[in-house]
Peer 1: 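Provided herewith is a single structure, encoded as structure tokens, for subsequent inquiry.
What you see is a predicted model, and the numbers here were worked out from it, not measured in a lab. Every number for a ligand or one of its atoms is a count from 1 in the order of the listing.
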Amino acid sequence: MLDLLIHNATLPDGRTGMSVTVQDGRITQVEPGLMAPAHSVVDAQGQLLSPPFVDAHFHMDATLSYGLPRVNQSGTLLEGIALWGELKPHLTQEALVERALAYCDWAVAKGLLAVRSHVDVCDPRLLAVEALLEVKRRVAPYLDLQLVAFPQDGVLRDPQAMDKLQRALAMGVDVVGGIPHFERTMADGALSVKLLCELAAAQGKLVDMHCDESDDPMSRHIETLAFETQRLGLHGRVTGSHCTSMHSMDNYYVSKLLPLIAEAGVSIVSNPLINITLQGRSDSYPKRRGMTRVPELLAAGVNVAFGHDCVMDPWYSLGSGDMLEVASMGLHVAQMTSQSAMRQCFDAVTTNAARILHLDGYGLEVGCHADLVLLQAGDPIEALRLRATRLMVWRRGQLVAQTPAAVTQLQIAGRPTSTNLRHFGH
Ligand code: FE2
């Protein structure tokens, strides 16, 4: 007997009336109209069954610390970094673990089952590294947590940072991070990219750098990152995160830059909620949006994901682990309103992000992990429009979260008695 049968599901690619069977944590069949005995049988009622959401860029060491020790008055990236510096000496491992576990609960509730989190390695105690490695171990049964060694204070600007970063990698952190735009000079920024890529190549690690998170059109470290990726043969293993300066770059320069990024196989992560909030702060009007050129990158053949980046921390006071909110903001800011572009926005928080994390067994194919989300929506576009309720979330075929359908009881004479905002006849 099967462990799980989900039938009458709509898949993200548009197939309807589909059945998905699960045995021993893996998808065993994806066929139309299949019925078979199973320990658990779920009628999807034509709703969308998707692989889980994946967040390709987050900071789990800072999450849920909003207001500690104070709030960010200017709303800028730089005050956020200073505020984090004030908080760091007061962090305890217990508090870090508790906040991160609470966030992972939120994530699972929202069908978010894989997160790449940067972890600050510029603390001699490496407290956050120890805490998040512990969290990674504890959440492993229900969430994939991938960690990036992130030198928040600059790997060259902080003279001990390279040593601490290498200690973090030795402790089990998965990915090499960086922050070239925060180094003291453009030359140091470029040197930091070179050194960190060489380190990753030597140790067989993936790379994910915060890259050009500013409105300065001359911040061009993504170019160096793509060049170093090619030079060291790291194709498909490197990600540039944020890349907000590209919003303000000269169009001719970008016409050369995009093919370089594509040829190098460098992925880009845009963080729409945070970029639209932190960038453009020194502008009057017109005020720049500060989000990288997502549709143009996609058109050039670059793999692009949307990340959440922050939830209730020194940089951002809102958020709930909802990747549909992230994708919806990206859709609006980038004006990705065509049918195909809206579907690309859904991909940016599912399949594209999974590719960045090199997630093993992700997807809706036979043989993939049975990690699934049933949404109260008919298709990915409706899921985005409604930030659809995650009715059921499975990890390796086991139900890990369930949320009642959102249905409003109407009390209006002459009108239907309920509405769920879905399926207005076209
Ligand atoms: Fe970030």
Peer 1: Mind checking whether the Fe ion (ligand 1) has an N, O or S of His210 under 2.8 Å?
Peer 2: yes
Peer 1: Is Asp309 close enough to the Fe ion (ligand 1) that one of its N, O or S atoms comes in under 2.8 Å?
Peer 2: yes
Peer 1: From the Fe ion (ligand 1) out to just under 2.8 Å, does an N/O/S atom of His59 turn up?
Peer 2: yes
Peer 1: May I ask you to check whether His181 and His242 place their ring centers less than 6.0 Å from one another?
Peer 2: no
Peer 1: What's the separation between atom CZ in Arg70 and atom CD in Glu86, rounded to the nearest 0.5 Å?
Peer 2: 4.0 Å
Peer 1: Is the closest side-chain donor-acceptor distance between His57 and Asp309 under 3.5 Å?
Peer 2: yes
Peer 1: So which N/O/S atom does His57 have closest to the Fe ion (ligand 1)?
Peer 2: NE2
Peer 1: For the ring pair His59 and Phe150, is the centre-to-centre distance below 6.0 Å?
Peer 2: yes
